[in-house]
Colleague: 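Handing you a structure now.
No experiment lies behind these values; they were computed from the predicted model shown. Each ligand, and each atom within it, is numbered from 1 in the order the structure gives. Excluded from the calculations below are hydrogen atoms, water molecules and symmetry mates; all remaining heavy atoms, backbone and side chain alike, are included. In this chain, residues are counted from 1 in sequence order.
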Amino acid sequence: MRLHLAILPWLPILIGEVHYVASQKLTTRVPIPPEQCVIAETWPAGPGQALVPQAPDAELRQILRSVDPKRIESIIQKLVSFGTRHTLSNQTDPVRGIGAARDWIASEMRSFARASNGRMTVTVPSYVQVPANRIPVNTVISDVVATLRGSTEPNRVYVISGHYDSRRTDVMDFVNDSPGANDDASGVATVMELARVMASHRPAATIVFAAVAGEEQGLFGSNFLAQTLVDSGVEVQGMLNNDIVGSSTADDGTRDPFVIRMFAQGVPSSETPAQVSTRLSIGGENDSPARQLGRFVHEVATNDATGMSIQMIYRQDRFLRSGDHVPFLQRGIAAVRFTEPHENFNHQHQDVRVENGTQFGDLIEFVDFDFIARVARVNGAGLWSLANAPGTPKNVTINTSALTNNSTLTWALDDHANGGYEVVYRNPHEPFWTHVVPVGRSNTASLKLSKDNVNWGVRAVGSNGYKSPATFPFPG
Ligand SMILES: *[C@@H]1O[C@H](CO)[C@@H](O)[C@H](O)[C@H]1NC(C)=O
Ligand SMILES: *[C@@H]1O[C@H](CO)[C@@H](O)[C@H](O)[C@H]1NC(C)=O
Ligand SMILES: *[C@@H]1O[C@H](CO)[C@@H](O)[C@H](O)[C@H]1NC(C)=O
Ligand SMILES: *[C@@H]1O[C@H](CO)[C@@H](O)[C@H](O)[C@H]1NC(C)=O
Ligand SMILES: *[C@@H]1O[C@H](CO)[C@@H](O)[C@H](O)[C@H]1NC(C)=O
Ligand SMILES: *[C@@H]1O[C@H](CO)[C@@H](O)[C@H](O)[C@H]1NC(C)=O
Ligand SMILES: [Zn+2]
């Protein structure tokens, strides 16, 4: 069969129909018609079955149905009502400034926590940031953090964040109004609505719902949150940043209301030059923890329960921009950033004004609450699936001691992977896992498929059927 297909493009020559070839410009290659394409033959699918995406179960569907665009609207209205939420604005005034916003978010989170039977606790961790580039005087930076404690693995943590500070054209202007409806009340509303909905549920691992400050001044709140979590000894296995998730409308009016962009870094910024060198030498540049997290979210959140497509972008963030996932990436934690599919730069980082007939400013009239609800469902599907699957497999290695056509993988057995393990793989040029081989509750598998031609991953399966993100193997 393979031989037959490989010969097909040459048949005209072999059987003497030279006219066909001769009639082409000889300087260009004769195109091979798609039906004669031999890629499938040179890339044998091997021992795997086609990977069927994990589907949401009844509890997850109920969680996602409970996400309410009306509540998202009222959260954004309230956040806008503080006038400015600039990090340098007043921290004690009860109605205007970032302090009032902080206290309101904390009190809302506490009200959500009442449904949790004590499993959700709300704290406002803060520190004094000494003067820095966009911080002229000592400034208290406060995060608002609702922690929903995991029922079986409380030390394994997933974080979702949005930033509650806002800004104007002049990033140092903390006096005048900056509504920040999209940037980033939309992200904070996503976090708060999921905290409300999930408070009455029992994830296996811990979920941290965070509204952070100081983003516009230099990612200060997120940096503090990441460090605080690392110092507390928990293991953060994933972080979802929501920043500017409020609208699907481009500046030319184009709308993409069922698409969300997800930025996922390639080669990890946390790796040493030696680690990067090893990663590059084995073709692992597209298999960082952030990309595996991105693949996972794409798998569990692209479905009828979210109503969304996820555009995974192979980049840490947009050009000239950064965000609260970056301090997590710097600490070696898998993290991705969600942002609306088209940005309208007239409606972010701009003073509210009309200029030449155009309305500028980050006003609530430009955000779409149904869109934000769908983004929240994408996050909800990702978070819930992460927190109820076993953890991401550790110490995953591939045996490269000899030239064989097989691939032998080993990994550390996790007590919580009661449904065993799955080896996943894909043609290296595919973005997402395409094949899966269930291998049971074993810590090793030998697969009759050359490691030279596929990218491998190992994922853990829970007794509930939930599957973890995959881990890419390095030579043992
Ligand atoms: C903040 O607001 C409070 C209450 O309005 C006021 O007493 C205080 O002086 C303000 N602080 C600053 C630094 O402006
Ligand atoms: C408005 O028009 C003036 C005069 O043409 C121009 O200088 C200015 O840049 C315009 N503003 C914007 C935001 O386009
Ligand atoms: C790798 O495979 C070889 C056989 O090809 C075996 O001798 C060796 O022990 C294996 N290494 C590990 C670390 O399992
Ligand atoms: C590997 O497979 C190729 C064919 O795909 C075969 O020619 C070769 O002998 C195999 N090598 C070993 C060591 O099995
Ligand atoms: C992974 O390997 C390291 C280094 O050998 C070891 O310290 C660690 O305990 C292993 N982790 C697990 C989960 O087995
Ligand atoms: C390769 O895999 C086949 C089938 O699993 C097995 O029979 C064979 O011994 C393996 N060879 C090596 C070198 O691991
Ligand atoms: Zn932002």
Colleague: May I ask you to check whether F472 and W456 place their ring centres under 6.0 Å from each other?
Modeller: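 No - the distance between ring centres of W456 and F472 does not fall below the 6.0 Å cut-off.
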Colleague: Using a 3.5 Å cut-off on N or O atoms only, is T404 in polar contact with ligand 3?
Modeller: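 Such a contact does not occur with ligand 3.
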Colleague: When rounded to the nearest 0.5 angstrom, what is the spacing between CZ in F371 and OG in S186?
Modeller: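 Rounded to the nearest 0.5 Å, the CZ-OG separation comes to 9.0 Å.
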Colleague: If you count the atoms of ligand 5 from 1 in the order shown, which ones are under 4.0 Å from a heavy atom of A412?
Modeller: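 Within the 4.0 Å cut-off of A412, ligand 5 contributes 12 (C), 13 (C), 14 (O).
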Colleague: With sequence neighbours excluded, tell me which residues meet salt bridge (charged side-chain N to carboxylate O under 4.0 Å, His left out) with R295.
Modeller: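 Scan of R295 (salt bridge (charged side-chain N to carboxylate O under 4.0 Å, His left out), adjacent residues dropped) gives D287.
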Colleague: Mind checking whether L449 and Y425 have side chains closer than 4.5 Å, heavy atoms only?
Modeller: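 They are in side-chain contact.
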Colleague: Should you measure from each heavy atom of S401, which atoms of ligand 3 turn up under 4.0 Å away?
Modeller: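 Here the atoms of ligand 3 in question are 1 (C), 2 (O), 3 (C), 5 (O).
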Colleague: Sort and list the pairs that fulfil side-chain hydrogen bond (donor to acceptor under 3.5 Å, both in side chains) and have at least one residue in residues 197-210, not counting sequence neighbours.
Modeller: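 Listed once each, the pairs are E59-H201.
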Colleague: Any protein N or O within less than 3.5 Å of an N or O in ligand 2? List each pair with its distance, or say none.
Modeller:
| unit_1 | atom_1 | unit_2 | atom_2 | d |
| --- | --- | --- | --- | --- |
| ligand 2 | 2 (O) | N356 | OD1 | 3.2 |
| ligand 2 | 2 (O) | N356 | ND2 | 2.3 |
| ligand 2 | 11 (N) | E355 | OE2 | 2.8 |
| ligand 2 | 11 (N) | N356 | ND2 | 3.1 |

Colleague: Taking atom CG of D252 as the centre, report whether more than 12 heavy atoms of other residues, nucleotides or ligands fall under 6.0 Å from it.
Modeller: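 Yes - once you tally the heavy atoms of other residues, nucleotides and ligands closer than 6.0 Å, there are more than 12.
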Colleague: Can you list the residues that meet the ring pair (Phe, Tyr, Trp, His ring centres under 6.0 Å) rule with F369, with sequence neighbours excluded?
Modeller: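 By the ring pair (Phe, Tyr, Trp, His ring centres under 6.0 Å) rule, F369 matches no residue at all.
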